[in-house]
Amino acid sequence: MAMVDEPLYPIAVLIDELKNDDIQLRLNSIRRLSTIARALGEERTRKELIPFLSENSDDDDEVLLAMAEELGVFIPFVGGIEFAHVLLPPLESLCTVEETCVREKAVESLCKIGSQMKENDLVESFVPLVKRLAGGEWFAARVSACGIFHVAYQGCTDVLKTELRATYSQLCKDDMPMVRRAAASNLGKFATTVESTFLIAEIMTMFDDLTKDDQDSVRLLAVEGCAALGKLLEPQDCVARILPVIVNFSQDKSWRVRYMVANQLYELCEAVGPDCTRTDLVPAYVRLLRDNEAEVRIAAAGKVTKFCRLLNPELAIQHILPCVKELSSDSSQHVRSALASVIMGMAPILGKDSTIEHLLPIFLSLLKDEFPDVRLNIISKLDQVNQVIGIDLLSQSLLPAIVELAEDRHWRVRLAIIEYVPLLASQLGIGFFDDKLGALCMQWLQDKVYSIREAAANNLKRLAEEFGPEWAMQHLVPQVLDMVNNPHYLHRMMVLRAISLMAPVMGSEITCSKFLPVVVEASKDRVPNIKFNVAKLLQSLIPIVDQSVVDKTIRQCLVDLSEDPDVDVRYFANQALNSIDGSTAAQS
Amino acid sequence: MIKQIFGKLPRKPSKSLQNDSNGEGGVNNSYYASNSSTTSISKPSSTSSKSSSASGSRVANGTLAPNSMSSNRNTNQGKKPLGGDAVVQAGPFPSSGGVYEALPSFRDVPISEKPNLFIGKLSMCCVVFDFSDPSKNLKEKEIKRQTLLELVDYVASVGFKFNDVSMQELTKMVAVNLFRTFPSANHESKILEIHDMDDEEPSLEPAWPHVQVVYEILLRFVASPMTDAKLAKRYIDHSFVLKLLDLFDSEDQREREYLKTILHRVYGKFMVHRPYIRKAINNIFYRFISETEKHNGIAELLEILGSIINGFALPLKEEHKLFLLRALIPLHKPKCSSVYHQQLSYCIVQFVEKDFKLADTVIRGLLKYWPVTNSSKEVMFLGELEEVLEATQAAEFQRCMVPLSRQIARCLNSSHFQVAERALFLWNNDHIRNLITQNHKVIMPIVFPALERNTRGHWNQAVQSLTINVRKVLCEIDQVLFDECLAKFQVEEVNKTEVKAKRERTWQRLEDLATSKTVVTNEAVLVPRFVSSVNLTTSSSESTGS
């Protein structure tokens, strides 16, 4: 055809495609920028493609986002790291667009490129870019600037460094809260690159300003900086400069700020060291555990174990435990749930006697909580307590809780408890399991909800793994196989599912003697769905059993099925037959 | 009972002195002063605070002996005193010695005493009660409410200008009561079932019985001719305004309604604050647009701005145009924009009506944020577009008509019949039809394929018949061009797969070229080339699929 011979101008193709009305086509062509670049060669990419892209920042945000991403990995296509600077102008203009996602991606790409650039290139092109953005008239540019200071700062000259610090300090005091927020959230990153002498003198001053901001949205981002800065400072400076701020923040009038403190407290404790944790942060933490706002209590409750790990048991019992008791009957279920998810971890910290004395009543009350998540969270961490006080003290309350969860109206709750059954079984031991839980496991196989039945089948497999084939032969297999005569075809199908999962665990012998006859019997079921599942199951059994069994039993059964009136049954039977032939062919 | 309590109050000499003066009928001492003096006295001595709490408990018992001195004062007031435990969260002003008692009514004191009484009542109202438990401090809450109501009357009817002290105290009282952080939203989901419910009821401010009256006081104060803006700006300052603006995020619609009225009055009265208020509102918008997408008060803020824009002088200042460009137009982007779309659209149209030269900027802005999947939002956009086009002149229309027509063409083909219908209704508007007719040479080729596709197979009957009408309109404008478009459409339909195949071929050739070039050049790029070619195969297969 004639058009194949048309000369090909890569840039023209791109320009043409980017003019298209269909955004999908424009996106596709941006995604293939590297092809165009390679077709152009490095030099023309630098001289033609990149300048064109710098001009083309007026497209849909989605296209710009793709462009920002592509440019981040474009260094090889412009001729390597010494030419990386040509990529800066298009990214710079993407840093100033209105849409946040695009700007963030452009900043990410700039960081990627900047961190590879050589020192003098940084000084020559990257630092000026940072300064331009930081001085941008519109907040978008200044917000973007905050995210790339840390890249520019490393490896530039002392004079420039002084200038960059001064500029950043300006951004921290910017007129617009948007910019101050960006400065606050990037301060920690920037601080890691700044020399320790300037850390105290300059960075901390910026930090202090931010912590006193009248917008709580700025203050709460400053909290995040606390931990990061604390790790950089010498311990005594940290105590002098960071600790008062944390204590202050823990009493901030905005709950969002207090929430951030609660969330970060552990890291903050690490930063200020154990002594100050004991003297200053314990009271702050206790306040947060008793905060008026549930969100704060949720965050604080979730850290209770981590926090106690930093203290000695006496302090924990004296100060934290009373709060924990209160929280265990908190009016918010989410607080109780957060507490339940971590409280078991306190047992190893407090030791056996204290756990029995103080924690056990709390465990028991949480196990009886009206909200299933709370009970589930306790059960999921049972192993942690088992190691310390054994399970006997709990088992009395445990069983009713498990049974109730197993029959909960919400299938997600039932699903969650099934997931924990193998854990429970291993913790409680075979005896306990046989008596109480075995029946439940079978009951789940006949649940109304498919996900539960599926999980139940999987559970049987995990139990067989846990307790071994012999035990499973006694306690699981007969019950499962009984179900094969169930009038409901979905339940009969679950038998097949359970077999397919258990067969690899049980091994060849049991599969042949116990499972296979049942499966073959099922192949004569009147429901086609059962029959083609038999075909699928047989296929999966092939690698488990001996070749002789395959040839004798399985093949015959499949051949019968392959003549079934139902098309799906025939299809899967033939598939299975093919795989037999395939495997024999491979073996020979 | 009232008497009983007074009898047990810790009496300081200064206080009894005031009481004496009460007895003489002249409340000459300021209640504010008396209150503060009691606090300052009771604070350092632990005994006095003890006794006050004791008095509180005894109130409950009600077994205390009457005291003649206090009874005198009580008859004056006709109010019940209350126990000290009442005070839950004393604001900056500690509840005097622990007893929360009503002060005399304004009616019962001479005019000269009213300002002092006013301040006394204001500082009384600085005590904030806990409304999370409705059964707590019922009496105290009622006293405060009554006091607040008296303050409303006083502020509304006062016959002389407010002085520094009263303004300071009033704004302080307002700040203590109103400036609070809102609790988190997902608070009350105690029962599992609630999780499943989609429609969340907006939470109502529990302290509304007090908060409302405080708003009423602030409103009357700001609106009062007795409030001198030059003096009041010291108290209603930037920080006050900023905190007032923060409150717009309240979930309680009643509260936002008050805020709207008050902020509007503040804007009207305090000329000096106008730029600051505009800037602060902008900051709220920016944060909403690019960070949170969550704010309850956008509609109310826009309503205020609507009337502010209405008052802009012509020619428009650059600042205001930037506001349109950087805040108002991007406000079309957030998911929840339907909540405030009506107010937003009003603001936008105001701008275009003020200065028709802004029309193409606005239209391009709308096109930039045009919804992709949200049909109901799209219908709103079309509505707004029509209003903007109403105010658009030919020159501006010509500047944006190509992308505009493309978007309209897409809307015409929408499988959501309301979108298609709304787009077709644009032709019912005389002004818009004129604009289209004048520029039909450009527009017809763009929208024709969409119309043709609709007539051939839009599922909705109404859309079909409306399309046929519009098609007829176009046909009547220029029969020759119409036929050309039809012919071109038919050719394009035939060539569709060919064009697609050609695109594939071009990219394939580019790919080959790229591979051949990189092989020739250095090996250093081998790894990235490999990676990107993998990307390419996947992306090209995607595009074939689409």
Side-chain angles (χ1 to χ4, degrees), chain A residues 3-4 6 8 10 13 16-17 21 23-25 28-29 31-32 34-42 60-61 73 75-77 80 98-100 103 138-140 143 175-178 181 214-217 253-257 259 292-296 331-334 370-373 409-410, chain B residues 132 179-184 186-187 189-192 239 242-243 246 279 282-283 286-287 289-292 322 326 329-330 333 368 372 403 406 409-410 446 502-503 505-507 509-518 521-522 524-525 527-529 531-533 535-536 539-540 542-543 546:
Chain A
M3 50 186 106
V4 178
E6 275 175 25
L8 195 60
V13 173
D16 214 40
E17 289 284 81
D21 189 30
I23 183 170
Q24 195 53 49
L25 290 176
N28 286 347
S29 30
R31 287 277 169 223
R32 299 188 206 186
S34 57
T35 309
I36 294 172
R38 283 183 299 130
L40 280 171
E42 291 161 359
D60 269 14
D61 290 331
V73 292
I75 292 180
F77 308 116
E98 203 264 336
E99 171 58 48
T100 322
R103 271 188 277 134
W138 181 226
F139 81 82
V143 167
D175 192 33
M176 293 190 72
M178 302 285 296
R181 276 195 289 276
D214 58 355
Q215 302 251 317
D216 67 348
S217 55
K253 71 178 168 50
S254 160
W255 66 264
R256 287 184 179 81
V257 175
Y259 168 85
N292 266 332
E293 172 58 51
E295 294 289 334
V296 179
S331 62
S332 159
Q333 62 187 32
H334 302 294
E370 53 168 1
F371 185 56
D373 275 11
R409 298 193 300 112
H410 296 269
Chain B
S132 62
F179 298 159
R180 60 220 193 275
T181 35
F182 297 111
S184 61
N186 52 347
H187 222 8
S189 45
K190 252 197 168 173
I191 319 156
L192 222 99
S239 144
L242 196 64
K243 290 190 173 117
D246 280 343
K279 204 167 75 181
N282 270 340
N283 284 339
Y286 296 146
R287 177 152 199 248
I289 295 163
S290 59
E291 288 181 7
T292 61
L322 279 177
R326 288 170 171 178
I329 293 179
K333 182 169 63 174
K368 181 168 158 61
V372 179
R406 282 191 185 151
R410 271 196 290 271
I446 300 174
K502 191 183 166 198
R503 172 170 291 119
R505 258 197 323 273
T506 314
W507 280 107
R509 287 176 65 206
L510 262 181
E511 179 64 24
D512 295 344
L513 182 65
T515 319
S516 66
K517 278 226 178 174
T518 14
T521 53
N522 55 14
V525 243
V527 178
R529 169 161 54 86
V531 171
S532 62
S533 65
N535 282 341
L536 269 168
S539 63
S540 64
E542 270 163 29
S543 71
S546 64

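Side-chain atoms are counted along with the backbone in the values below, which use heavy atoms only and exclude waters and symmetry mates. A note on names: the letters A, B, ... follow the listed sequences, proteins ahead of strands, and every chain is numbered from 1. Since this is a predicted model, take the numbers as computed values, not measurements.
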Rounded to the nearest 0.5 Å, the OG1 atom of A:Thr35 sits from the CG atom of B:Leu513 at a distance of 10.5 Å
Does the distance from a Lys or Arg side-chain N to an Asp or Glu carboxylate O, for A:Asp175 and B:Lys279, drop under 4.0 Å? yes
Applying side-chain contact (heavy atoms from CB on, under 4.5 Å), name anything that partners B:Lys243, two or more places apart in sequence or on another chain. B:Phe179, B:Ser239
If the condition is side-chain contact (heavy atoms from CB on, under 4.5 Å), which residues does A:Gln215 pass it with, not counting sequence neighbours? A:Pro177, A:Arg180, A:Arg181, A:Asp213, A:Ser217, A:Val218, B:Leu242
Counting heavy-atom pairs under 4.5 Å with chain A, the top scorer among B:Arg410, B:Lys333, B:Arg326 is B:Arg326
Looking only at atom types and distance, does a side-chain atom of B:Thr181 sit under 3.5 Å from a main-chain N or O of A:Lys253, one as donor and one as acceptor? yes
Salt bridge or not between A:Arg38 and B:Glu511? Use side-chain N to carboxylate O under 4.0 Å. yes
Answer with side chain, backbone, both or neither: which region of B:Arg180 has an atom nearer than 4.5 Å to a non-hydrogen atom of chain A? neither
Got a donor-acceptor contact below 3.5 angstrom from the A:Thr100 side chain to the B:Ser290 backbone? yes
Would B:Asn282 and A:Phe139 count as a side chain to side chain contact (heavy atoms under 4.5 Å, CB included) here? Give the steps. CA-CA 12 Å; B:Asn282 270 340; A:Phe139 81 82; over 6 Å; no
Given heavy-atom pairs under 4.5 angstrom as the criterion, report whether the side chain, backbone, both or neither of A:Leu40 touches chain B. backbone
Taking 4.0 angstrom as the limit, do A:Glu17 and B:Arg503 come out as a salt bridge? yes
Is there a donor-acceptor pair closer than 3.5 Å between any side-chain N or O of A:Trp255 and the backbone N or O of B:Phe182? yes
